[in-house]
Structures are given as C-alpha cells and as structure tokens.
Amino acid sequence: MKQADTKSKAAVAKPRIRITDTTLRDAHQSLWATRLRTDDILAIAEKVDNAGYYSLECWGGATFDVCMRFLRENPWERLRLIKGVCKKTPLQMLLRGQNILGYKHYPDDVVERFVALSCENGMDIFRVFDAMNDPRNLETAIKAVKKYGGHAQGTICYTVSPVHTVENFVAFAKQQEAMGADSIAIKDMAGIMTPAAARDLVSGLVKAVKLPVQIHSHMTSGMAVAMYLEGVKAGAGCVDCAISTMSSFSSQPPTESLVAIFEAEGYDTGLDHKLLAEINAYFTELKKKRAPKTTAREPVDAGVLEHKIPGGMISNLRSQLDQQGALDRLPEVMEELPKTRADMGYPPLVTPTSQIVGIQSVLNVLFGRYKQVTQETKNYVKGLYGRAPAPLNAKVAKKILAGEKPITCRPADLLKPGLGAAAKEIPSKLVQKEEDILSYCLFPEVALGYFKWRAQPEGERDPIPADLEREEKTAEAAAPAAAIPEETEKLAGIGARFIELIGLVGGGKVNVEALAVKPAAAPAPEPEAKPEAPASAPTGPTINAPLNGTFYRSAGPGKPELAKEGDKIAAGGSVCIVEAMKLFNAIKAEKPLTVVRFLVEHGAPVTKGQPLVEVKY
Ligand code: CO
C-alpha cells in the first residue's frame, strides 16, 4: 500500500479507480462451488493484502454455509484468521439485509447482533442488499453497521423491467443515503447490464446522490468488461474483479485486464502488477486441487442476452423439471417465467425471489397457472418478503390469498426477538462462543451438524464432507455435469429455511417439527402415528400426488400434532403436503372431506399420480 500511495501522489493528475477483489468470495462461489478453504486463503493472504485493492470480499451466505456444511470450518474463525493477516486492506462482506445470510427474515435482535459480532471479528465493509429492493428490509442492517463502526454500502439489485427505471433506482439510492449508507453498489448479479445502462444509471446516481458508486457484475453474458469501463467513465469509483484465473464465465471480470484497460485510459488503479501475477500463479496451481472436476461451462452464455434470466436459475429449472420427468417442458417454463414475474410485480431475480418465481413458473406449466401454489409464493403475495417493485396482478393475488389479507408493515415487525429462543434450542455443551448461536440462527441444521462434528475428539472425527466429495468426484471424473453446484446448495438450504417460514406464517396449519424431519434421517414413527399404512388397495376416493416429491401429513386443523385418520377437513383446508423441488406444496381439499386413511408414510418419497390419502366426501 505504501508503494501504491507514493505512486498515486507522484501522479496527482491521474484519476483514481479502485478495485475490490472478489476472489475470496464470489469468484470461488461462482466457479468452485464455494470450496476455497481457510488454509488456501491464508497461504496467499499477505500478498493479496499488499496488492493495493480497495477491499477484499471474503464473506457471504454461501461461504458461511459451506464452511460449516462441507469444510467443517468455523466461518467466524476464518474471518479472524484473514483479519490477522490482512491488516491494510478492508475486508468486505455481502449481507442480505433482514435475511442476513439466510433465506428468510430474521428478527432485528439477530440482525443487530450478527452485525456487531462481524464488526468485532474484523469485518469492515458491509454490502447490504435486499432481493426486493425494499428499503425497509435494509434499515436495521444499515443502522447496525453504522452503530458498530462499519462501512455500510447500500445496494441496488439491478434488473430489467418496465418499472426499473433510472429514476426509480436513483430514488432507491437516495433512500439508502438517508438511512446512513456510506456508498452505493450496483449489483448486477445476472450480468445483464449493458454499457449504455451503466452509463445512464451511474450518471443518474452521481448527479443525485453524494456517495461513491461501486459496480458489481458477472461475466455470464460477456458484457461486464465494457460495462465497467462505461460505468467508470460515468463516475463510478470502484469495480469488483477477480484475479484472472478465478475470473470470467459466471465469475467477475479479470482484475489484470481491467487494470490494463484503466491504466491505458489514464487511471491509477494503485495495484501492484508483480503481486497480481504472483497471486494469479497461486490460484492457477490451486485450481488443480479445488475446481470441481465435473464442471463444464460455456465461456459466454449468450442466452442471457435474450431472456435476461440468470444462468444459475436455468440450471435449477432444468434439474427441477428433470426430477418431475418433464424436461421437455423447459421451453414453456422459459416462456412462463417472465409472465409469473410480471404477476409478482417484477422482483429482481436473486435468492430467494429467483427460487420462488422459478418454481412457481414450473408449477404453472405443469398444472395450469396458479392451480398449485407454493407456500413461499403465498407468503410472497402476502408481503412477507417485502414490497414488490410494482403492484401484483390483482386477480392472481386475490386467488392466491383466498381471503387472507396481505401485510402492510415491514415483514420483520411481525417477528419476536430470536436470540434467546435460539440459545435455548442448542445443547449448551455444543456452544463455545456467542457466535455459535448466530451460526445456529442462520443455518440451524448445518450449524448443529458442525458443532457435533467439532465436539468429537480430535483424531476421531468423521471425515470432512468436502474431502469425501472430492474422492467421489475423482473416482467418477467422467460423470456428467449437473446443475451449478452452488445453486443446488442454495436450494438444499432453502428447504430448511422455508420450513421455518411456514412455521412463522402458517397459522398452525403445518407441523413444523414434523416437517423438519428429513426422510433419510426419519426417526421411528411416534406411537400415535400408525407405523404402517395397510397394504390393501384403497376402496374409496383418493388424493393423489400432483408431482414427484416427499409426502408429509399436515397438522390437524388448529392443532400442533399431525393430522390423523378420521380428521374432518373443510374445503380449502390442507389434506397433506408434497415437498418437491425443496418447497412445500399443500394439497388442498376441494370440498369438505374426512380422512379415511393415509396410504403413504410421513416422510416417504412419492411419485406423481400415486394415491396418498383415502378420503370420504
Ligand atoms: Co455476484
């Protein structure tokens, strides 16, 4: 840094452009299924710290989750260790506003404490975003960052729709400025921003907002390098890049190329070319060990230029349709998706809205529009994720809500404080520090799995999942590429998170505990639940599985326990649940009925058309 500073002073006339390095977060999330380990980072951290970056993005939802789930590492410890080496360059993280690092809204006490501990452990810059661009979902996080001495970067999730105009984006940035944001990021998560759009939006921001502007994009569509240049010429002061071997494809633009471009334009990047080359050599070598063997990607996904749907989302849709034996309907889903998104008021497509809109589109194609609605879609329409950018399709909303009233307040206002309850849920012998309680709040099952692993005596611990995974991958190196791994992981996590959401808003209709039982780990059936459904064929009418998935009983009407035989269910009441594509589909009674018997065990896999419940009307 010292060298860089002297250099920049010597060249006073040169305008400064700064670069944030995403290699330690977004780049390996986009390319290596988030499998970069703490030791991998520490071995190069000193050089990275000395290179002259504006900041080092090194923490976010997937990194935190994968640390515990696959690497058996404590993400907090990773942060402390990086901070221990990187003393010159600020550390940066991606924070999903009220969702923190998860997929649901957390109570304010959890948000505030998470931010406090992150600051305490060395985080400097918080890029705070909300999938809906709803300022109310950013407020608590931004205030907390300011309170604990961090840099609060507000964020515009960039998307294209009739309501996403420069004026609206600028107005949103001004709201964040008023909340105390220190800078504004344009987050082009799908890599769909054109150079012209960057010029217009950055110019608009620079005129109206007194905050530095930073741009984040992905190389998915191939436009990001040109877009960065236009954005910087229009006044952006910082862009996100990854070291070249960790760049491009669905990752960020390459640092070295951008440095060359900016320097030729007369900008001073302050970056040390020699160190960049050394850092790149390190990651090129590491790639042999860490890059997934089965990943085959196109360098540019030109389809994105047409349909503007993020690449990861399409691979999800493909695998969801595949699970349903309906891969041939992908073109219809691609056509349906923009329509569903319009009905939902044009949310930007980023976790969790990308999953909600994506899966609802699949259901709309498979069963007819809004014939089958996920609980998450219903929650969305109720306003539990925040306010949509545009009004929802009123007819669709009315049908989905079926008489229920949408909320008008900030979603988190409905939540009771969460830390105390979480602390009581974890066996105290598993907790070492307060940070463990936060880890548990965000990823309950994953954190508990990690805590239990950690509690085993050293030397007797189970193998690390990521190591096992590598052995398997090496063994079947020829296996076909599946969905983008990090997206699959997001989905794997989202099921569990959504269970909690259902618990929050389901009005007692769903037995959360029962649902949380994973089929693979299902304990012996409870005494009152009939262990075996009779093998004989049903004689009366049946409710059949509308899609392939996992069967669950609903909770009885207004009761916490599972539905049982003999229960009477009113028209519109939930008879049972089929979990498919990681989301929970309540199967509703079309008219009043009595449950005669369950034909499938709670937690068992079912195939489309399979009789689930025998009923009497
Ligand atoms: Co990104």
Side-chain angles (χ1 to χ4, degrees), residues 19-36 53-66 91-97 99-103 125-133 153-160 183-193 197-198 201 213-225 227-228 231 236 238-244 246-255 258 297 300-301 304 308-316 347-355 484-490 493:
I19 290 179
T20 286
D21 175 49
T22 65
T23 308
L24 309 180
R25 204 282 298 175
D26 204 342
H28 76 101
Q29 183 177 333
S30 298
L31 300 177
W32 292 2
T34 330
R35 294 301 191 270
L36 194 60
Y53 290 111
Y54 169 67
S55 62
L56 308 175
E57 193 196 41
C58 60
W59 237 40
T63 40
F64 199 99
D65 180 349
V66 170
L91 302 186
Q92 183 171 323
M93 77 169 294
L94 188 59
L95 185 71
R96 296 176 190 157
N99 296 354
I100 311 180
L101 301 175
Y103 310 95
I125 301 174
F126 295 73
R127 177 173 293 165
V128 188
F129 81 96
D130 175 60
M132 305 281 272
N133 282 338
Q153 180 167 74
T155 307
I156 295 167
C157 287
Y158 179 74
T159 188
V160 181
S183 60
I184 293 287
I186 300 168
K187 180 177 162 66
D188 175 25
M189 56 274 173
I192 56 174
M193 193 173 209
L201 179 52
V213 176
Q214 179 162 2
I215 314 178
H216 173 88
S217 185
H218 290 255
M219 283 290 275
T220 324
S221 73
M223 295 192 290
V225 171
M227 189 271 270
Y228 277 6
C238 191
V239 293
D240 285 11
C241 295
I243 202 75
S244 52
M246 298 294 286
S247 74
S248 303
F249 300 94
S250 55
S251 174
Q252 274 68 56
T255 306
L258 267 302
R297 284 166 210 268
V300 167
D301 178 359
V304 171
K308 309 273 194 280
I309 297 167
M313 218 178 139
I314 295 171
S315 36
N316 275 340
L349 297 175
V350 59
T351 303
T353 46
S354 51
Q355 284 86 349
I484 288 182
E486 74 269 22
E487 288 297 329
T488 315
E489 272 152 32
K490 271 185 207 157

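Whatever order the structure lists them in is the order used to number ligands and atoms, beginning at 1. Every value quoted in this text rests on a predicted model; they were computed, and no experiment measured them. Computed from heavy atoms alone, side chains included, the values below leave out hydrogens, waters and symmetry copies.
The name of the N, O or S atom in Asp26 nearest to the Co ion (ligand 1) is OD2. Restricting His216 to its N/O/S atoms, the shortest distance to the Co ion (ligand 1) is reached by NE2.
In terms of heavy-atom proximity, Ala242 sits nearest to Gln252 at N-CB, 3.8 Å. Taking both residues in full, the closest heavy atoms of Pro254 and Cys241 are given as C-CB, 4.3 Å, listed atom of the first, atom of the second, then distance.
Counting backbone and side-chain atoms alike, Asp240 contributes no N/O/S atom closer than 2.8 Å to the Co ion (ligand 1).
In this structure, the side chain of Asp188 engages the main chain of Met193 through a donor-acceptor pair within 3.5 Å.
Contact check on Arg25 versus Asp240 returns no salt bridge, with no Lys/Arg side-chain nitrogen under 4.0 Å from an Asp/Glu carboxylate oxygen.
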